[in-house]
Amino acid sequence: SRADGKRRRSWIRRGHRSRWYCRRRGKGSAVLLVSDVHLVAFGDSVTLGTRAAAPPTPGIADWQAFGARYADVLRSRGRWVWYGNAGVGADHTTLGLARLATDVLVKRPSLVTVMFGINDSWHDSGAGVGAPRVALSTYEANITSMVAQIRALAAEVILMTPNRLTDAARNTDMLPYVASVTALASSLGTPLADAYTTVNGTAAWMLDSIHPNGTGHAQIAALLDATY
């Protein structure tokens, strides 16, 4: 209790890689630890991980997604982790920014992975034909806004490059976005997990031309662990 006789009902300590949530359960009782790392994975269908359980993309289980695997890695090291998956299929940064408050910020995260770029750079008329869904300048502004809003909660952000595809022409369209988020990580001072280099289009790591399989997600989780 405090000097003024009022019981401290809860407290939060923010620090590197952690936020502790503790609450007393009654007079004289021990403090109950609720969570250490409050992790949210934010992105598109790659972050979501799950796919329709039908050919040609049979999908992966929830626990195989890179965010869930990364949470398990942290738990294996003695961290108390709450994990939420905020991936949405076909999402790009403009759609993601619109749902940031309801899908991410409301969860009061202490650590957020942000992975966008495949759908932003996608040309609906065919690789290299016409305009991308989201202009590069808008992508940069959206990512910058996401980082600022997440940091306003005193949360940490890991920016991620999108994974490489098996379609070389689509990769050519995506490379400016890969370079952009890499530069943003440097200028904004966030860690960068370079999934484009790690998941390099190896067929054995892919469900289809876009989405990593369980092995590919394991590679991304290991990358996150090495990054932060």
Side-chain angles (χ1 to χ4, degrees), residues 17 37 39-51 57-77 79 81 83 85-89 91-93 96 111-122 127 136 139-140 143 146-147 156-228:
R17 291 187 74 171
V37 180
L39 170 65
V40 175
F42 184 42
D44 54 28
S45 59
V46 173
T47 297
L48 178 63
T50 53
R51 300 282 292 167
T57 54
I60 62 173
D62 290 345
W63 66 267
Q64 292 178 298
F66 70 78
R69 288 179 180 270
Y70 181 44
D72 284 341
V73 169
L74 295 177
R75 292 182 187 114
S76 74
R77 299 210 171 102
R79 310 302 295 271
V81 182
Y83 162 68
N85 190 322
V88 170
D91 227 18
H92 50 64
T93 55
L111 178 62
V112 181
T113 64
V114 177
M115 185 185 194
F116 289 93
I118 293 175
N119 296 304
D120 294 81
S121 66
W122 198 266
L136 184 61
Y139 174 80
E140 293 170 347
I143 293 289
M146 289 175 185
V147 171
E156 299 286 346
V157 183
I158 304 175
L159 289 180
M160 304 177 66
T161 59
N163 60 277
R164 194 178 308 185
L165 314 181
T166 61
D167 185 326
R170 293 292 187 182
N171 286 330
T172 298
D173 289 340
M174 191 165 63
L175 274 172
Y177 295 76
V178 173
S180 174
V181 73
T182 300
L184 282 172
S186 177
S187 64
L188 296 173
T190 73
L192 176 74
D194 187 6
Y196 186 85
T197 299
T198 297
V199 183
N200 56 11
T202 300
W205 294 354
M206 304 294 286
L207 280 172
D208 51 31
S209 64
I210 299 172
H211 304 92
N213 60 18
T215 302
H217 276 269
Q219 298 294 325
I220 299 174
L223 169 66
L224 285 168
D225 185 46
T227 300
Y228 187 79

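Checked by atom type and distance alone, the side chain of Asp173 never pairs as donor or acceptor with a backbone atom of Trp122 at under 3.5 Å. Put simply, the side chain of Asn163 never gets that close to the backbone of His211: no donor and acceptor are under 3.5 Å apart. In this structure, the side chain of Thr182 engages the main chain of Val178 through a donor-acceptor pair within 3.5 Å. Side chain of Asp194 to backbone of Thr161: no donor-acceptor contact under 3.5 angstrom is found. A distance-only check finds no donor-acceptor pair linking the side chain of Ser180 to the backbone of Tyr177 [under 3.5 Å]. Asn200 places no side-chain N or O within donor-acceptor distance of the main-chain N or O of Arg164, the cut-off being under 3.5 Å. Tyr228 places no side-chain N or O within 3.5 Å of a backbone atom of Ala193 that could act as its donor or acceptor partner.
Here CG of Leu159 is found 7.0 Å from CG of Leu188. Values are rounded to the nearest 0.5 Å. Summarising the geometry, atom OG1 belonging to Thr198 is positioned 4.0 Å from atom CG belonging to Leu223; distances are rounded to the nearest 0.5 Å. Separation of atoms CD (Gln64) and CG (Asn213) is listed at 8.5 Å; rounding is to 0.5 Å. Here Leu39 contributes atom CG and Leu111 contributes atom CG; the two are 5.0 Å apart, rounded to the nearest 0.5 Å. Between the OG atom of Ser45 and the CG atom of Leu207 there is a distance of 10.0 Å, given to the nearest 0.5 Å. The CG atom of Asp44 sits 10.5 Å away from atom NE2 of His92, with the distance rounded to the nearest 0.5 Å.
Considering every non-hydrogen atom in both Ala127 and Ala169, the closest pair reads CB-CB, 3.5 Å. Here the shortest heavy-atom pairing between Pro162 and Met174 reads CG-SD, 3.6 Å. Between Thr227 and Pro191, the closest heavy-atom pair is CG2-CB, 3.9 Å. Shortest non-hydrogen contact noted between Gly49 and Ala65 is CA-CB, 4.3 Å.
Side-chain contact, Thr93 with Asp120: a donor N or O sits under 3.5 Å from an acceptor N or O.
For the side chain to side chain contact (heavy atoms under 4.5 Å, CB included) test with Trp205, the passing option among Ile220, Thr215, Thr166 is Thr215; the others fail.
Side-chain contact between Gln219 and Pro212 is absent, with no heavy-atom pair separated by less than 4.5 Å. Between Val147 and Val114, every side-chain heavy-atom pair lies at or beyond the 4.5 Å cut-off. Between Tyr83 and Tyr70, every side-chain heavy-atom pair lies at or beyond the 4.5 Å cut-off. Within the 4.5 Å cutoff, no side-chain heavy atoms of Thr47 are placed close to those of Phe42. Counting heavy atoms from C-beta on, the side chains of Val199 and Met206 come closer than 4.5 Å. Using a 4.5 Å cut-off on side-chain heavy atoms (C-beta onward), Leu48 and Asn85 make contact. In this structure the side chain of Met160 reaches within 4.5 angstrom of the side chain of Phe66, judged on heavy atoms.
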Evaluation steps, side chain to side chain contact (heavy atoms under 4.5 Å, CB included), between Asp225 and Arg77: CA-CA 11 Å; Asp225 185 46; Arg77 299 210 171 102; 2.5 Å; yes

Does the pair Tyr139 and Val181 meet the rule for a side chain to side chain contact (heavy atoms under 4.5 Å, CB included), with working shown? CA-CA 9 Å; Tyr139 174 80; Val181 73; 3.6 Å; yes

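Taking 4.0 Å as the cut-off between side-chain N and carboxylate O, Asp72 and Arg69 do not count as a salt-bridged pair.
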